Amino acid sequence: MKDKIAEMQLTAESWTPQQVLSWTFDTFGNDVAISSAFGAEGMVLIDMASRLRKDFRLFTVDTEFLFSETYNLMDRIEQRYGIKIERVFSLLSPEEQERVHGKALWARDPDQCCNLRKVEPLRRKLGELRAWITSIRRDQTLIREGARKVQWDAKFGLVKVNPIVDWTSKQVWRYLHEHDVPYNSLHDQNYPSIGCTHCTRAVRPGEDPRAGRWPGTAKTECGLHVIEIQPLTPLPEADA
Ligand code: SF4
């Protein structure tokens, strides 16, 4: 599969998000799922997927530290799209984590906290799948700049599909408004990027959209989206 991905990767760069999703569903059937934390980009993918097939799989890593607005949105998604979100949890409850690792691990060692509550549960979930679909965009962080629409995920050992990787935030919001897609109400309160309550704050005017994630630290990623690009897969030349 890794070789097949390398062969078709450049071609896939010219596909629309819907074409990417269709190819993915046709290729992997029930062995592919959308991974989402229900940000604006994730909502675009969920809505697009629902128009292509009714029984698509959707999972989330529930850190048990999410905002009530996020849990509320999850309920609305299940109602609107008639699906059941697959929720994956850490092996440690928040109480067990405190007992084993001490109080407020997220403040002392956010990488370890993210490993326990996000990366390990994700790895367990991805072990069930042959491919996963994410809503990352290249312009979100430096690490994401190297992402392709279809790529081999060397970290987790399966195919990773990023249908809207070349979209801008403006395109995301245009889609949501045009299709009347539900979204997290925190976006209307200056939270462009939403994660756990302990590590997310509203951004101030002029700040980077991800400045509200792990504020006061150099951390920009929880470790889910390490991009390792195979050689010989340059992006197509942009139109002049
Ligand atoms: S975002 Fe913060 S609270 Fe959530 S898992 Fe990572 S460090 Fe822990």
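For ligands, and for the atoms within them, numbers begin at 1 and follow the listed sequence. Model, not experiment: these values are computed from the prediction.
- Counting heavy atoms closer than 4.0 Å to ligand 1, residue Cys114 contributes atoms from both its backbone and its side chain.
- In summary, of the residues considered (Asn162, Ile164, Val161), a side chain to side chain contact (heavy atoms under 4.5 Å, CB included) with Pro17 occurs for Ile164 alone.
- Ring centroids of Trp132 and Phe59 are separated by 6.0 Å or more, keeping the two rings apart.
- For ligand 1, the atoms lying closer than 4.0 Å to a non-hydrogen atom of Phe65 are 3 (S).
- Within the listing of ligand 1, atoms 1 (S), 2 (Fe), 3 (S), 7 (S) sit less than 4.0 angstrom from a heavy atom of Cys199.
- For the pairing with Thr60, the side chain to side chain contact (heavy atoms under 4.5 Å, CB included) check across Val88, Leu122, Ile85, Ile34 returns one residue only, Ile85.
- Counting backbone and side-chain atoms alike, Cys196 contributes an N/O/S atom closer than 2.8 Å to atom 4 (Fe) of ligand 1.
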- Task: Apply salt bridge (charged side-chain N to carboxylate O under 4.0 Å, His left out) to the pair Arg87 and Glu78, showing each step before the final yes or no.
- Result: CA-CA 12 Å; Arg87 301 175 196 220; Glu78 291 189 330; 3.7 Å; yes

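- Residue Arg117 approaches ligand 1 through these ligand atoms, each under 4.0 Å from one of its heavy atoms: 5 (S).
- Applying the 4.0 Å criterion to heavy atoms of Pro110 picks out, from ligand 1, the atoms 7 (S).
- When the side chains of ILVMFWY residues are joined at heavy-atom separations under 4.5 Å, either directly or via intervening members, Leu52 and Val44 end up in a single hydrophobic cluster.
- Atoms of ligand 1 found under 4.0 Å from any heavy atom of Lys118 (numbered from 1 in listed order, with element): 1 (S).
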